[in-house]
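Following: one structure in structure tokens, then a few remarks.
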Amino acid sequence: MKKKLSIIGLLFILVFSMAACNSKSSSGDSKKGNEKTKLDIFSWWTGAGEEDGLKALIALFQEKYPDIPIENAAVAGGAGTNAKAVLASRMQGNDPPATFQVHGGAELNDGWVAAGKMEPLNDLYDEQGWNDKFPKELIDMVSKDGKIYSVPVDIHRGNVLWYNKKVFTDNGVEPPATFDEFFKVADQLKSKGVTPLALGDKEPWTATMLFEDILLGVLGPDDYGKLWTGELAFDDAKVKESAEIFKKMLGYINEDHSSRNWQDASQLVSNGEAAMNVMGDWAKGYFVNDLKLKVNEDFGYITTPGTDGYFMIITDTFGLPKGVKNPDDVKKFLGLLGSVEGQDVFNPLKGSIPARVDADPSKYDQYGKDTIEDFKTAKLAPSLAHGSAAPEGFVTKVNQAINIFVTQKDVDQFIGSLKQASAELK
Ligand code: BGC
């Protein structure tokens, strides 16, 4: 009898604990069975020059929250070439990552926020006392209708021209500040057998970056901004002038540009095969952390021609998708990412400057210090190539038009395609 009772007792415990497990997973608790739901961090930061900062941030999180399992769910491909497609299918299938990399500006606001896929984070900002810790312009870039939807981890600058110091010194040329100077320097270098400008447009966004920096140099930030609101047409004389300059610049690039990505193109500059490249300052992270080059010794930097005092802004941000199983854990991660400590662990490795106004400049190299200073007074311009200036449909069409232009170099056709694409802006 006693034996019978204890078997019944055991069965009861078993059935009861199974039922408890099931009810936990179906009630959306952060536990699945006995396992805690993983905090999967979705980005496109993989490999050389990209992942160091993220790994450091994840390590810091693990140190602080050893009980929360965290997974680096990065998908390779510069500027999110592949990641964005994977993300879209996960979001459509109601399987959002715990949090994902998204650019402040149109990519966030006209994309995931407009689609109703993000939770507002005003409470988190209040709790953390963040409202005056990020520049107002940046908070605006991650807000829609008064609600804040993500936390910026960095500020990248897109209008930087990097150059190989030795190549410049050996050839007696100075970093060019204007388009005229650029072409003069480029001619001198070309005549000495050096490739003046490195490009790696295996993924077309790199060429789009070059073009947007030319647009900023020719139009200035006000008119540049008017392109995305429809106030300035793409067949404006200044846009045509920009396209002509772009065409001329393409006459100075490496022949194998279409088989290189941004890292491969940066390598041409680091090893002295090419003299300059135009790239966001993630290239500095790559130069310093992966190629072990020294700022202002091995390579130098200057704003792209005509853009002194302007700042092509790119900001990587992370938010809270609707329907995640572990919102409290996600908020803990966002809390760290938005803290001074988190930002100062991430940004010196990433090449970017901190998004917070009160981060510690002594943690940054000379490039970082200069950029932190520049940011305080520069006029900001949102990057098109990195999804801040305009919705994705338009960016995709521009990338296609640029890809064709790089090989065909037909200015009228290019302007026509831009004009056609601008229908997406309405
Ligand atoms: C991102 C950067 C990244 C770069 C290259 C940009 O869109 O904002 O964080 O380093 O792409 O992948």
Side-chain angles (χ1 to χ4, degrees), residues 41-58 72 74-87 99-108 111 138 141-142 150-160 162 198-213 260-267 277-291 311-319 337 342-343 345-355 367-368 371 380-390 392 395-396 398-399:
I41 314 292
F42 189 92
S43 76
W44 56 87
W45 293 326
T46 66
E50 294 279 73
E51 68 182 4
D52 301 333
L54 177 64
K55 281 189 165 170
L57 196 62
I58 289 179
N72 181 351
V75 173
T81 322
N82 307 316
K84 286 177 188 170
V86 176
L87 177 67
T99 185
F100 60 88
Q101 177 186 4
V102 57
H103 291 122
E107 192 176 302
L108 171 70
L138 211 60
M141 284 178 80
V142 296
S150 69
V151 186
V153 66
D154 63 30
I155 296 173
H156 273 298
R157 188 174 206 172
N159 57 321
V160 192
W162 309 95
L199 180 70
D201 65 335
K202 189 174 168 186
E203 295 159 355
W205 62 267
T206 55
T208 304
M209 271 196 89
L210 181 57
F211 182 56
E212 73 182 7
D213 284 333
R260 289 179 181 263
N261 63 18
W262 73 263
Q263 286 100 331
D264 304 330
S266 305
Q267 260 178 40
N277 70 329
V278 168
M279 189 40 57
D281 47 16
W282 43 90
K284 193 218 64 183
Y286 178 57
F287 284 148
V288 173
N289 299 311
D290 292 87
L291 304 181
F311 200 112
M312 185 68 81
I313 184 171
I314 295 140
T315 178
D316 293 303
T317 78
F318 288 80
L337 178 149
Q343 303 235 326
V345 150
F346 177 85
N347 289 296
L349 294 169
K350 186 65 171 53
S352 36
I353 61 168
Y367 172 80
T371 309
L380 305 184
S383 165
L384 174 71
H386 298 279
S388 297
E392 201 180 337
V395 182
T396 306
V398 172
N399 279 335

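The structure presented is a predicted model; accordingly, all values stated were derived computationally and were not measured. Counting starts at 1 for both ligands and their atoms, in listed order.
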I'd like to check Glu107 versus Val395 (side-chain heavy atoms, cut-off strictly below 4.5 Å). Are they in contact?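 Not in contact.
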Considering only heavy atoms from C-beta outward, does the side chain of Lys350 approach that of Glu50 to under 4.5 Å?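 They are in contact (side-chain heavy atoms under 4.5 Å apart), so the answer is yes.
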Tyr286 and Trp162: ring pair (Phe, Tyr, Trp, His ring centres under 6.0 Å), yes or no, with the steps? CA-CA 12 Å; Tyr286 178 57; Trp162 309 95; over 10 Å; no
When you measure from the side chain of Asp316 to the backbone of Asp154, do you find a donor-acceptor pair of N or O atoms at a distance under 3.5 Å?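 No, the answer is negative, given that no donor and acceptor are paired below the 3.5 Å cut-off.
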Atoms of ligand 1, numbered as shown, that sit under 4.0 Å from any heavy atom of [X]:
| X | result |
| --- | --- |
| Gly78 | 12 (O) |
| His103 | 1 (C), 6 (C), 7 (O), 8 (O) |
| Lys350 | 2 (C), 3 (C), 9 (O), 10 (O) |
| Ile314 | 8 (O) |
| Trp262 | 5 (C), 12 (O) |

Quick one: nearest non-hydrogen protein atom to atom 6 (C) of ligand 1, plus distance?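 Here the nearest protein heavy atom works out to His386 ND1, 3.3 Å.
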Which atom of Met209 lies closest to which atom of Ala385, heavy atoms considered: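 Met209 and Ala385 have their closest heavy atoms at CG-CB, 3.8 Å.
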Work out which heavy atom in Val345 is nearest to a heavy atom in Leu57; give both atom names and the distance.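 Scanning both residues completely, I find the closest heavy atoms to be CG1-N, 3.9 Å.
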Polar atom proximity, [X] to ligand 1 (N or O, under 3.5 Å):
| X | result |
| --- | --- |
| Glu50 | yes |
| Asp154 | no |
| Gly77 | no |

Please step through ring pair (Phe, Tyr, Trp, His ring centres under 6.0 Å) for the pair Trp282 and His386, ending with a clear verdict. CA-CA 13 Å; Trp282 43 90; His386 298 279; 5.0 Å; yes
